[in-house]
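Structure, as structure tokens:
Each chain gets a letter, A, B and so on, in the order its sequence line appears, and its residues count up from 1. For clarity, every value in this text was computed on a predicted model and none was experimentally measured.
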Number of protein chains: 2
Amino acid sequence: MQAATAPKRMTRQKAAIQAAVMSSCDHPTAAVLCDRVRAVIPNISLGTVYRVLGALSEEGAVREISVPGAPSRYDKTTCAHAHFYCSACGSVTDVDVDEDALIRHADCACGGAVIEDAEVIFRGLCAKCKGVNQ
Amino acid sequence: MQAATAPKRMTRQKAAIQAAVMSSCDHPTAAVLCDRVRAVIPNISLGTVYRVLGALSEEGAVREISVPGAPSRYDKTTCAHAHFYCSACGSVTDVDVDEDALIRHADCACGGAVIEDAEVIFRGLCAKCKGVNQ
DNA sequence: ATAATAATAGTAACGATTATTGATAAGGAG
DNA sequence: CTCCTTATCAATAATCGTTACTATTATTAT
């Protein structure tokens, strides 16, 4: 019998991409992840990185962080948390905000809708860039 | 002598675009706004709409709502509030969440950074689409 | 090992947004 | 008002992030 749901194959590429995300302490873009994986698989394609990241995102293994006007970042999923985007250097850092409580609160505010997900992103200048920027 | 700061000109185009945003009860995209303004200025360019919206956004007259994977929406700035994006029909609605409190709380969480702005976007199914979607 | 087929590399295509360019018109000086 | 400067315009090309396509490769079941 075959799996009726989803045929999955573990490939070197997928394993390497997942490992790259899991071992990242920053919040790399798909392009950066592609560069890092190329240390192991030199000719891996950016399209593959995007496709695998999309799959990992759907199965909940990684989290995609959409940044307005900038490429998405990817994060190993721990607990739900918000993100801070520095508009000067482009770095993304974690911010401890109770996202679940936010969703629960908003649930009351929009009657009838089903909230599946929330994205909280702060924008501004990080501590480093605040000092530099005249 | 010339103005050293910022030369601003009020044009029919800018006035019409601003009026279109101010009189919108929904959250139109740049393309939709362009269509609406074309009722008044038939040959206005989408590029102009984008440029003017960018300027209005910088001067704080309108607010850009970035929706991951979909074109940005524009809103007249009232008080800070979050948005709900229906992944089925693409509609964007307001959600009453105290964004200022969120920023104040996050301010403590990320030491040293200057938070200028926050974007809170919920994703899911709106009341209408929840019923339709089998 | 072999066959079936999911996943890949490479590249083309796509949609949203931005930049470029020559033409137009706003606004101040005379 | 007329002229001049130059910000803004319409049109279009270019850019960027991301996705789709296709021939080929590699994984898994047998």
May I ask you to check whether over 12 heavy atoms, not counting those of B/D96, lie within 6.0 Å of atom CG?
no
Is it true that B/D117 and A/R123 make a salt bridge, defined as a side-chain N closer than 4.0 Å to a carboxylate O?
yes
Would you kindly give the CG-to-P distance between A/N43 and C/dA7, to the nearest whole Å?
18 Å
Just checking A/T11: base, sugar-phosphate only, or nothing, at a heavy-atom cut-off of under 4.0 Å?
sugar-phosphate
Mind calculating the distance between CG (A/L46) and P (D/dC21) to the nearest angstrom?
18 Å
A/R36-A/S24 side chain donor-acceptor pair, cut-off 3.5 Å:
yes
Residues, nucleotides or ligands: over 12 heavy atoms within 6.0 Å of B/E58 CD
no
Length of the line joining A/I44:CD1 and D/dT25:P, which is rounded to integer Å
17 Å
Separation of D/dT27 C1' from A/K14 NZ (nearest whole Å):
13 Å
Quick check for you: among C/dG27, C/dA7, C/dT17, whose closest atom lies nearest to any side-chain atom of B/R9?
C/dG27
Given atom CZ of A/R73 and atom P of D/dT18, what is their separation to the nearest angstrom?
10 Å
I need the CD1-P distance between A/I41 and C/dG10, as an integer number of Å.
12 Å
Tell me the interatomic distance from A/R51, atom CZ, to D/dG17, atom C1', rounded to whole angstroms.
17 Å
B/P71 or B/M10: which one's nearest nucleotide on DNA chain C is closer to the 5' end?
B/P71
I'd like to know if A/K14 pairs up with A/E59 as an ion pair, taking the criterion as any Lys NZ or Arg NE/NH1/NH2 lying under 4.0 Å from an Asp or Glu carboxylate oxygen.
yes
Using only side-chain N and O atoms of A/Q13, determine if any of them is under 4.0 Å from OP1 or OP2 of D/dA26.
no
Heavy atoms under 4.0 Å, any strand shown: does A/T29 hit a base, just sugar-phosphate, or nothing?
nothing
Nearest-Å distance, CZ (A/R12) to C1' (D/dT28)?
17 Å
Which nucleotide, D/dT27, C/dA16, C/dT8, lies nearest any side-chain atom of B/Y50?
C/dA16
Would you tell me if any nitrogen or oxygen in the side chain of B/T48 comes within less than 4.0 Å of OP1 or OP2 on D/dA10?
yes
